[in-house]
Undergrad: 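Mind having a look at this structure? Questions to follow.
Values below: every heavy atom of this structure, side chains too, minus hydrogens, waters and symmetry copies.
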Number of protein chains: 2
Amino acid sequence: MTDIETTPLFRKLSAFVSLSEAEVTVLKELRQRRRTFTAGRDLIHQGQSDQDIYLLDSGWVCSYKILPDGLRQIVDFQIPGDFLGLRSALLQTSDHSVEPITDIEVSEVFVADLLGAFARTPRLATAVLWAASRDEAMVVEHLVNIGRRDADVRTAHFLLELGARLALVGLGSKEGFACPLTQYHLGDVLGLSAVHVNRVLRRLREGGMLTVHKGQVTFDNYDRLIAFAEFDPTYLDQERPFLK
Amino acid sequence: MTDIETTPLFRKLSAFVSLSEAEVTVLKELRQRRRTFTAGRDLIHQGQSDQDIYLLDSGWVCSYKILPDGLRQIVDFQIPGDFLGLRSALLQTSDHSVEPITDIEVSEVFVADLLGAFARTPRLATAVLWAASRDEAMVVEHLVNIGRRDADVRTAHFLLELGARLALVGLGSKEGFACPLTQYHLGDVLGLSAVHVNRVLRRLREGGMLTVHKGQVTFDNYDRLIAFAEFDPTYLDQERPFLK
DNA sequence: CGGCTATTTGAATGGCATCAAATTGGGTGG
DNA sequence: CCACCCAATTTGATGCCATTCAAATAGCCG
């Protein structure tokens with residue numbers, strides 16, 4: 001296993017709380033078996049109970065819900081350093097499914113171990129609560145996006161936000177980012193049909209704002225794009241650890 | 001102050017973890033000044049930083065975001081026992097505003113006290129993490145509702161879910177519940193115009209499913225309604241404490 | 001009773017979905 | 001290396017759901 005201080009989870013939690021030697025050790029011991037999953041095969045099924053928690057080491061996954069009529073809504077994408085199934089474990093039953101978009105590597109974490117770690121190192125519990133709050137803030141922004149913005153602004157805003165998240169872990173910049181999502185994925189996350197996503201992307205491209213092509217999102221004019229999308233670029237910033 | 005064991009927060013956390021005598025004492029000591037706010041005046045402003053946390057004792061509030069063009073999206077309603085501003089405090093700046101819908105009573109909780117309580121009684125931290133997960137699950141369900149259901153089903157589903165939440169704290173039943181929301185509130189929470197909400201409510205009424213009148217939501221035919229709304233009535237159930 | 005807010009209804013517009021079909025491109029096996 | 005296949009992308013045509021604008025009615029409070 002690589003040195004923990006370079007892992008995405010450590011980097012993420014460090015943004016909130018300066019972890020002590022002992023806390024890092026606890027964090028390290030949480031990780032059990034390393035596992036890999038292939039793209040497209042669900043890791044967690046809606047309705048499943050008592051499944052384990054995973055920590056995403058590499059690759060992309062999405063959490064989604066399926067409605068009775070087969071429509072799908074993607075709630076969020078997870079990138080390295082994110083927990084998979086933490087909420088499901090706490091609530092004892094999964095309210096959503098989780099599907100790998102690319103092949104992924106995860107570390108298994110046992111629920112009992114995690115709760116034990118919280119008991120022994122409370123600052124870790126607070127740090128995980130912080131991370132959960134950050135996830136919730138992203139879902140909330142997503143909700144507003146779907147509820148109140150039209151398709152063009154919504155799409156631009158979503159891609160900017162995804163780029164900002166990826167930039168935080170070194171996987172993107174103002175130029176753009178590598179993106180394995182299809183137009184079907186984009187439709188399901190944006191609450192649009194894939195056909196309409198295609199038209200939206202064409203308008204954004206012809207407006208000189210962004211291009212999506214061959215697994216690459218390119219911001220052609222970053223400043224015009226953030227103005228158009230009403231995007232707040234400071235949104236995900238976390239400049240200083242909160243808990244000393 | 002009333003006996004803590006009858007407070008909504010205690011009832012809620014007890015659904016997840018059996019609290020010890022010592023933990024109850026800590027919970028009791030968290031509550032500082034009791035304050036009241038009048039309907040319509042924001043308690044927390046979008047963009048504000050370093051504000052305190054409140055615990056809602058009575059009344060209804062909503063959390064919302066305002067877009068640059070003035071459109072509003074209500075993210076969630078809070079009812080007694082819910083924290084206000086917990087996420088904002090952890091993230092150090094508020095990504096949303098909070099407005100009382102009715103006159104409300106809150107207890108002030110200092111951030112430092114709460115973090116201190118987590119350090120001394122880790123089970124409390126886990127319980128609050130559980131409560132936060134439950135809140136996130138509700139936001140996720142709301143997201144799916146807006147993203148993928150048409151206006152009629154969306155509205156029916158939302159009112160059923162609100163009724164279920166209220167039933168958990170003794171404020172509603174299969175018959176219906178008292179509801180201070182206007183059609184503007186419903187529009188802003190459902191991502192619809194108030195005018196269209198009116199038409200939707202008429203269709204639901206004429207379909208014999210539910211009636212909204214004079215601050216009262218009445219489920220005229222509960223079974224037909226849950227079938228129509230694709231509502232899972234077990235959704236918020238929490239039958240047994242998870243942490244012994 | 002007057003004034004305000006919330007509700008209700010109508011008519012016209014438009015954004016997005018749906019259905020259908022053509023085209024592109026990557027991957028695979030012969 | 002080419003032929004083929006399948007998935008993803010692209011474009012057109014049509015219809016509907018929800019918005020917007022407008023105005024009337026109902027209900028509540030001072």
Undergrad: Counting only side-chain nitrogens and oxygens, does B:Asn198 get under 4.0 Å of the OP1 or OP2 atom of C:dT7?
TA: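 The answer is no; no side-chain N or O of B:Asn198 sits under 4.0 Å from OP1 or OP2.
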Undergrad: Would you call the rings of B:His157 and B:Phe231 parallel, tilted or perpendicular, where under 30° means parallel and over 60° means perpendicular?
TA: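 Perpendicular.
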Undergrad: Which one, C:dA17, D:dA18, C:dG26, comes nearest to the side chain of B:Asp150?
TA: D:dA18
Undergrad: Roughly, in whole Å, what's the span from CG in B:Leu204 to P in C:dT7?
TA: 15 Å
Undergrad: Is the shortest side-chain N/O distance from B:Arg199 to OP1 or OP2 of C:dT9 below 4.0 Å?
TA: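 False: B:Arg199 side-chain N/O out of range (4.0 Å or more) of C:dT9 OP1/OP2.
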Undergrad: For B:Leu192, answer base if it contacts any base atom (sugar-phosphate contacts may also be present), sugar-phosphate if it contacts only those atoms, and nothing otherwise; contact means non-hydrogen atoms under 4.0 Å.
TA: sugar-phosphate
Undergrad: Is any side-chain nitrogen or oxygen of A:Lys214 closer than 4.0 Å to OP1 or OP2 of C:dG26?
TA: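 True: A:Lys214 side-chain N/O within range (under 4.0 Å) of C:dG26 OP1/OP2.
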Undergrad: Just to be sure I understand the rule, does B:Gly187 reach a base, reach only the sugar-phosphate, or reach nothing, if contact means heavy atoms closer than 4.0 Å?
TA: nothing
Undergrad: With side chain to side chain contact (heavy atoms under 4.5 Å, CB included) as the test, pick out the partner of B:Val140 among A:Asp76, A:Val75, A:Leu143.
TA: A:Val75
Undergrad: Side chain of B:Val195: nearest nucleotide among C:dT18, C:dC16, D:dA22?
TA: D:dA22
Undergrad: Mapping B:Tyr184 and A:Gly191 onto DNA chain C by nearest heavy atom, which one lands closer to the 5' end?
TA: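 Counting from the 5' end, the first nearest nucleotide belongs to B:Tyr184.
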Undergrad: How would you label the contact of B:Ser193 with the nucleic acid (heavy atoms, under 4.0 Å): base, sugar-phosphate, or nothing?
TA: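 Base contact - B:Ser193 has a heavy atom under 4.0 Å of at least one base atom.
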Undergrad: Could you tell me the separation between the CZ atom of A:Arg149 and the C1' atom of C:dC16, rounded to a whole number of Å?
TA: 18 Å
Undergrad: Do you know which of B:Val197, B:Leu210, B:Val200, B:Asn145 makes side chain to side chain contact (heavy atoms under 4.5 Å, CB included) with B:Thr155?
TA: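 Of the listed residues B:Val197, B:Leu210, B:Val200, B:Asn145, the side chain to side chain contact (heavy atoms under 4.5 Å, CB included) partner of B:Thr155 is B:Val200.
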Undergrad: Does either side chain, that of B:His196 or that of B:Ser193, offer a donor lying less than 3.5 Å from an acceptor on the other one?
TA: no
Undergrad: Report the nucleotide, chosen from C:dC16, C:dG26, D:dG12, that has the shortest atom-to-atom distance to any side-chain atom of A:His196.
TA: C:dC16
